[in-house]
Amino acid sequence: MQFSQGVRMAWKSIIANKLRTLLTMLGIVIGVASVITLVAMGNGTRQQVKEQMAGLGTNLLSVNISGRGAVSSLTVEEAEQLGKLDGVKDVSPVISGNVQAKYKTKNVNVTVEGITPSYEGVRNVHIQRGRYITGIDVAYRQKVALIGTGTAGELFGTADPVGAAISLNGNHYKIVGLLEQQGTSLGGSNDDKIMVPISAGSRLLQTKGVRSVYLQAEDDANMDSIELALEGELTRKFRGNTSGYNIFNQADLVETISSVSATLSNTLAGIASISLLVGGIGIMNIMLVSVTERTREIGIRKSIGARRRDILLQFLLEALVISGLSGIVGVLVSYGAAYFLTRSGTLAVMTWDTIALSFIFSFAIGITFGIFPANKASRLRPVDALRYD
Amino acid sequence: MSRHAEIELKDIVKTYHMGAETLTTLKKVSLRVYRGEFMAIVGPSGSGKSTLMNIIGCLDTPSEGQYIIDGQDASRMSDNQLARVRNEKIGFIFQSFHLLSQLSAFENVELPLVYRGMPAKQRREIASGMLAQMGLADKQNHKPRQLSGGQQQRVAIARALASQPSILLADEPTGALDTKTGKEVMGIFQQLHRQGHTIILITHDPGVAEAAESVIRITDGIITEERRGNHAIQPGSPDGLEEHYRQ
Ligand SMILES: Nc1ncnc2c1ncn2[C@@H]1O[C@H](COP(=O)(O)OP(=O)(O)O)[C@@H](O)[C@H]1O
Ligand SMILES: [Mg+2]
């Protein structure tokens, strides 16, 4: 018997038992669809996290300085020196603290960051209107400020803050730019702040020590060597007081979060694949019932010359067609699910390897659980099979 | 007339084991069937006729003895070789038709050729031709349950003939049919006999047996009467059948 004839034969008997076929398929469809969808959701989460973090820059090293006093702190000039380390493209020292901001009758407590112009490139924080803080502002200690959208809303409502004068701890500052909306990150809202030239900020906050230094690498491949050099430089400067500072690698964080979400989605997919297994047992069950029900059919086929391998092929192909169809339907269902999930805000990203894998898996289940009933059918002796009713 | 023994059974024994009990349904049966012979097998129910027929048709294997078909020892054949014999040399016709219910008349008839690996075009020609010969040209796409008993049996005969076997085996082919259609079906067998097929047929109907060339009577697993052509050979005691022939 030819293979194509076998497929046609299998298809005929599947069509002849539509309801039973559908019920059998259901188990595999649910299994395949849930495995693919869960993995897609995991992929989506990972991608979202990556995009968010990439916005912050994966080629970014940040140093937080917690120490106080002459030895355990870093002046703006010392911080700028760190920019001369090998492989560092740019450096952005930041002084920060809290002040009382006042506009007309409105009064809020807000974070102030004293920055240099390089902040824009290094931190990827831009303005939507007005102008940025310039080198001249820093050099002449200009009392100008950039305002975050959150703080602007609190102080100015819907009015335009650019050009207005506010008071920070009693000092008059002119707002020259409105920052782009940043949204919230792990650290809380990034929109509730005011930024001033680092020289002015140093006087306003009455501190000489920088709070953080951001280093932008030329290439995110040599992050480790930069981190090592930075570590050496700071240890030297802090005279071994390593608790006075804290180096933070953005890429490490991305890695950690990615691997956590990958583990999570793989675990879920693993649980879902149990339902594939159960679906496979369902196929075996149905095929076994089918062999019993069709004993006479097997006898008839054998009596007119079907060989063992013809019967084996027929039943195996039936199992394969059922599992293959279920695989296709499962993939389609998961496409639908991914579409609706993404539309409703949960990003789900289908990848070809997941689709191929669950498809192969459902075929493998078809073979594994189809072979036992098929073999049983093929071994029946024609007389015994014909006698059966 | 020189005749060639197409089928030769030598001391065939068939024993069933049911727990501690053993049941011997064929007790050293020896038989020759010649090419082109039309043989009827008669005997009371449970005497072992079907058991013998199944062995001849390679659907079953004997417990002891030798079975030679067309010069080849069937008792030494592999599963695949037996399937080939069933496919090419033997056409089996059953009392309950044994058609596949999901398949159309045409698909039922072409099935032996499918298993032979014949291309579709050739299959179509043969299967359509056989159905037409059986007077079922317009019933090709009917499912078995849409056909009458007589029509179903004609489909089954067309299927048995499709593979152009030299031997036709029929186990009570008219048993499930009324007298009139039974007669029609018997007419077909007689015609096939004239075309040169070797036919072995089990029947309860003395009228049917009369139409045959030779008659074998089985009682309790033993051949008790063997009548060849016009010359009756009687290994056992006669029991009135002969009288029937003389009518
Ligand atoms: N598979 C089997 N297991 C046990 N006994 C069987 C089996 N097949 C047939 N028999 C017994 O063998 C005897 C002969 O049966 P069978 O050849 O069908 O008789 P017939 O066709 O002459 O009516 C019966 O007694 C029947 O019960
Ligand atoms: Mg019988």
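Each chain gets a letter, A, B and so on, in the order the sequences are listed, and its residues count up from 1. Being a predicted model, the structure only gives us computed values, none of them experimental.
- Within a 6.0 Å sphere centred on CZ of F372(A), heavy atoms belonging to other residues, nucleotides or ligands number 12 at most.
- Shown here for A306(A) and A83(B), the closest heavy-atom pair between the two residues is O-CB, 3.9 Å.
- Ranked by heavy-atom pairs shorter than 4.5 Å toward chain A, the options T61(B), L100(B), L103(B) are led by L100(B).
- In this structure, the side chain of R307(A) does not engage the main chain of D79(B) through any donor-acceptor pair within 3.5 Å.
- Here the closest heavy-atom approach between residue P382(A) and residue R86(B) is recorded as CG-NH1, 3.8 Å.
- Checked by atom type and distance alone, the side chain of N87(B) pairs as donor or acceptor with a backbone atom of I304(A) at under 3.5 Å.
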Open item on the list: Please determine whether side-chain contact (heavy atoms from CB on, under 4.5 Å) holds for the pair R381(A) and L59(B), giving the CA-CA distance in whole Å, both sets of side-chain angles, and the decisive distance to 0.1 Å.
Closed with: CA-CA 7 Å; R381(A) 280 163 19 110; L59(B) 300 177; over 6 Å; no
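- Of the listed residues (V85(B), L113(B), L111(B)), the greatest number of heavy-atom pairs within a distance under 4.5 Å of chain A belongs to L111(B).
- Neither the backbone nor the side chain of E88(B) comes within less than 4.5 Å of any heavy atom in chain A.
- The two residues R159(B) and I300(A) make their nearest non-hydrogen contact at NH1-CG2, 3.5 Å.
- Contact check for M9(A) versus E107(B): no side-chain heavy atoms found under the 4.5 Å cut-off.
- When R308(A), K12(A), R301(A), K302(A) are compared by the number of non-hydrogen pairs under 4.5 Å with chain B, R301(A) comes out ahead.
- Scanning all heavy atoms of the two residues, the minimum distance from A16(A) to Q102(B) falls at CB-CG, 4.0 Å.
- Looking at D60(B), both its backbone and its side chain come within 4.5 Å of chain A, counting heavy atoms on both sides.
- For CD of E21(B), the number of neighbouring non-hydrogen atoms (other residues, nucleotides, ligands) closer than 6.0 Å is 12 at most.
- Within a 6.0 Å sphere centred on OH of Y339(A), other residues, nucleotides and ligands contribute 12 heavy atoms or fewer.
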